[in-house]
2 protein chains.
Amino acid sequence: MGRKRTKSGKIRLAEVAELAGVSPITASRFFRNPEALSVAKRTRVESAAKELGYVPNLAARALASQRTEVIGVLIPSLTNNVFSDVLRGIYDASEGSPYSIQLSNTRYSILQEEKLLRLFLAQKPAGLIVTGIDQTAESRAMLEAADCPIVQIMEIGPDPVDMMIGFSHYDAARAAIAHLFAQGHRKIGFVGARMDPRVQRRLDGYVAAMKDAGLFEQRLVVTTSTPTSVTLGGALFTDLLARAPGIDAVFCANDDLALGVLFECRRRDIAVPEQIAIVGFNDLEFMASAVPTLTSVRTNRYEMGRTSATMLIDAIEGRRPEQPVLDLGFKVIERQSSSSRRADSKPAASGTGAANKMVALPSSHD
Amino acid sequence: MGRKRTKSGKIRLAEVAELAGVSPITASRFFRNPEALSVAKRTRVESAAKELGYVPNLAARALASQRTEVIGVLIPSLTNNVFSDVLRGIYDASEGSPYSIQLSNTRYSILQEEKLLRLFLAQKPAGLIVTGIDQTAESRAMLEAADCPIVQIMEIGPDPVDMMIGFSHYDAARAAIAHLFAQGHRKIGFVGARMDPRVQRRLDGYVAAMKDAGLFEQRLVVTTSTPTSVTLGGALFTDLLARAPGIDAVFCANDDLALGVLFECRRRDIAVPEQIAIVGFNDLEFMASAVPTLTSVRTNRYEMGRTSATMLIDAIEGRRPEQPVLDLGFKVIERQSSSSRRADSKPAASGTGAANKMVALPSSHD
DNA sequence: AGGAACGTTGACAGCGCTACCAGCACAGAC
DNA sequence: GTCTGTGCTGGTAGCGCTGTCAACGTTCCT
């Protein structure tokens, strides 16, 4: 045996075919579409492959077939907890499929995104997952010309390139503010960092809600383009207090900021929620554990990642979804930090697609 | 022009060569080793490539050259903040290099790791980054037989497969306990979750330090194999209080647990640090922002990722490091939660390799 | 002047796999 | 009995690139 192994000592398809007593092409078919073989040959090839420990050479396959089994994923950040949940969903969904994930970080730059897109597309990926709906015109054109399925994640918009899965950050922010209104709060500040397009839309939702109630004032809004952090939450809140001393609530564009605000309140002996209510965004795990527990807008990040990869793989394999745009909704999780009744964890408003699409976050975070 | 483009409309190397008036092999060399060409041909090929917008076909290259430009990365978790920092470092270091990162999640299972390793190795990666030093015998054998550079990250041990970069979790835990001793604490509890090998070694360090001082008691240790979380920190601390009511300090195996303990203290009106001191591990960003600020053991996660990828790429390209094992050290960051003097943020003990190797964490977390 | 040494270039032959098409056997329709 | 269709199988011919080695021209030495 092994008389004509490749130099690297690897077993090739030809060896498997020889052992199984079939032609190489038949063996090849076994790995791509076993049903096309007669049962007899199928079992022969199967056992031959197992006996030799055959592993297909993906480079050769890609070259010959003119396509790859790579799913490209473009996300703006690796640090942000939000994306690590999404990623976990994507990786989980890709497991057991032949597709492998190729991840790249756009660092919140749509120019960087365009560059990476060009790179990805040149390698003919099987599918693509991109973040958000704010691509450059050039990127947009490339995406539309790409001959592979594409999913846009994190938010939904009117004009999907192909498929889209997310929720309305605008509506979610409005729901958070509506919740605060319902609790009797009127002077509600906004604290935001990074100000990427999705945070911007949360701000837009906040502004609209406040304007509708005739309560909007520019000085209630404090933002920065700096990356978010807990410490930054405290600093922005300090700014906000200086600009608008009379506020009775703060809506934070994410949970890290909210935790920073909570700590800053503690430092200043401001009672939460009696003097100032706090609402965060994303509902990270620690929000339910803080003292007081912190209200937040729950978003289905893991589910978003998982579903996007599942939809993408289905589309790659020809099973197009009946609905290309999926709204995963959100849910305002009311906790002590914004409850005038000091009740713990009672659900309030839910987002559009939410009511029945709402799924539990996975209990095991590994 | 374009009279013999490939069906897919892609530009091939041959077209570039033709336009430049050189042979394909010369054009090929331009992309791999430009110095080998005369300046005249170099510029000719360069402008031809640019004019045609040529992008090399990686599958063909991989097939012909019998190697890939893929760096495999095996980490146990995508959720854990610790790994997202490491990953960011790895991705940052790989940027601008021809190597692309192929990430896989072992889910803290060494059997899963073995399976993934087999998969990776079959594709002949350019290099490999694996987490920790606790591989199965089979994995170990595969790693040793692999003909590519390998870096083990997160910790250091006596017997590297190839290169190794990390720090001693055992020493770091001992340093944390020494710090608590110095502050006058004696009855120090240990709270740990997940209990992966690195957490286990932190526990070992704690036990050794306590035994050396004649203070060890089994009931001071509360652990679980459950994945870590802030909420879990509170729950484990509650257990600890029930088992050992008289404790005056808690060493937490990570910062999430420490935050949970802090919140639980708040809930129970236990004064920190007056009644109970708290020390965490990793020094995540929020530790400096909590009230009171939380002492932690700083570890150089981003640096670890970045350096490991840099070392790996250097090794791939034939530049072997003079020292294959790199101890990145640690540093106990003393803050209010463990300071009898209630001082803020004064450095205490540093780990072995730390003193001069210590580098600042990147200020911009994006 | 001859030749060695060097730097540069190109021809050839695959890398391992799959697309394409042809061929064969057999079943059912007429 | 012929024809068409279906299911399975195999041969041929690349996919686009690079390893190897030989050949070329030039320079520098003896």
Side-chain angles (χ1 to χ4, degrees), chain A residues 2 4-46 48-49 52-70 98 122-124 126, chain B residues 2 4-46 48-49 52-70 98 122-124 126:
Chain A
K4 54 192 293 194
R5 289 258 179 84
T6 170
K7 302 141 190 174
S8 56
K10 284 272 120 211
I11 285 99
R12 284 169 312 171
L13 190 56
E15 270 102 286
V16 176
E18 193 181 358
L19 180 61
V22 299
S23 74
I25 188 65
T26 299
S28 168
R29 265 191 281 264
F30 168 76
F31 292 101
R32 292 174 292 144
N33 183 18
E35 277 81 57
L37 300 204
S38 64
V39 184
K41 306 232 165 181
R42 198 186 309 172
T43 51
R44 292 241 298 285
V45 176
E46 184 164 22
L52 296 172
Y54 171 72
V55 182
N57 180 320
L58 297 184
R61 175 178 290 177
L63 181 60
S65 68
Q66 294 284 67
R67 55 201 166 68
T68 63
E69 290 181 332
V70 169
Q123 302 309 327
K124 294 196 213 299
Chain B
K4 55 191 294 196
R5 290 258 179 84
T6 171
K7 303 144 192 172
S8 55
K10 286 270 121 213
I11 284 97
R12 285 169 311 170
L13 190 56
E15 270 101 286
V16 176
E18 194 181 358
L19 180 61
V22 300
S23 73
I25 189 66
T26 300
S28 168
R29 266 191 280 264
F30 168 76
F31 293 100
R32 292 174 293 145
N33 183 18
E35 277 81 57
L37 299 203
S38 64
V39 184
K41 307 231 164 182
R42 200 185 308 172
T43 51
R44 291 241 298 283
V45 175
E46 183 164 23
L52 297 172
Y54 172 72
V55 181
N57 180 320
L58 298 184
R61 175 178 291 177
L63 180 60
S65 68
Q66 293 285 69
R67 57 203 166 67
T68 62
E69 291 182 330
V70 169
Q123 302 309 326
K124 294 194 213 300

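For the numbers below, each heavy atom of this structure counts, side chains included, while hydrogens, waters and symmetry mates do not. Proteins come first, then strands; the chains are lettered A, B, ... in the order of their sequence lines, and each starts at number 1.
Using a 4.0 Å heavy-atom criterion, one finds that A:Ala36 contacts the sugar-phosphate atoms exclusively. Contacts of A:Phe30 with the nucleic acid, taken as non-hydrogen atoms under 4.0 Å apart, are absent.
Of the candidates C:dG10, D:dC17, C:dC17, D:dC17 carries the atom nearest the B:Ala64 side chain, counting heavy atoms from C-beta on. The side chain of B:Leu63 lies closest to C:dC15 when the candidates are C:dC20, D:dT20, C:dC15. Closest approach to the A:Arg29 side chain among C:dT9, D:dG10, D:dT18 is made by D:dG10 (side chain taken as heavy atoms from C-beta onward). With distances taken from any side-chain atom of A:Thr26 to the nucleotides C:dG16, D:dT18, D:dT9, the minimum falls on D:dT9.
Side-chain contact between B:Leu52 and B:Glu15 is present, with heavy atoms from C-beta onward closer than 4.5 Å. Looking only at side-chain heavy atoms (C-beta outward), A:Arg61 and A:Phe31 come within less than 4.5 Å of each other.
For A:Arg32, a side-chain nitrogen or oxygen approaches OP1 or OP2 of C:dT18 to under 4.0 Å. At the phosphate of D:dT9, OP1 or OP2 sits under 4.0 Å from a side-chain N or O atom of A:Ser38. Phosphate proximity of D:dC17 to B:Tyr54: present, with a side-chain N or O under 4.0 Å from OP1 or OP2. Side-chain N/O atoms of A:Gln66 include none lying less than 4.0 angstrom from OP1 or OP2 on C:dC17.
Between the C1' atom of C:dT9 and the CZ atom of B:Arg42 lies a distance of 14 Å, rounded to the nearest Å. Between the CD atom of B:Gln123 and the P atom of C:dC15 there is a distance of 18 Å, rounded to whole Å. Atom CD in A:Glu35 sits about 17 Å away from atom C1' in D:dT6, given to the nearest Å. Nucleotide D:dC24 holds its P atom 18 Å from the CD1 atom of B:Ile25, rounded to whole Å. For A:Leu13 and D:dC15, the CG to P distance is 20 Å, given to the nearest whole Å. Atom C1' of nucleotide D:dC15 and atom NZ of A:Lys124 are separated by 11 Å, given to the nearest angstrom. Between A:Asn57 atom CG and C:dT18 atom C1' the separation is 12 Å, expressed in whole Å. Put simply, CG on A:Asn33 is 13 Å from C1' on C:dT18, counting in whole angstrom units.
B:Glu18 contributes atom CD, which lies 12.0 Å from atom CG of B:Leu13 (distance to the nearest 0.5 angstrom). Taken from CG in B:Leu37 to CZ in B:Arg44, the straight-line distance is 11.0 Å, to the nearest 0.5 Å. Of the inter-residue distances, the one linking A:Arg42 atom CZ with A:Ser38 atom OG reads 8.0 Å to the nearest 0.5 angstrom.
Between the side chain of B:Arg67 and the base of D:dG19 there is no donor-acceptor pair of N/O atoms closer than 3.5 Å.
Judged purely by atom type and a 3.5 angstrom limit, A:Thr68 uses its side chain to pair as donor or acceptor with the backbone of A:Lys124.
DNA chain C is contacted by both B:Ser23 and B:Ser65; B:Ser23 maps to the nucleotide lying nearer its 5′ end (nearest heavy atom per residue). Comparing B:Leu37 and A:Ala27, the nucleotide of DNA chain C nearest to each residue sits closer to the 5' end for B:Leu37.
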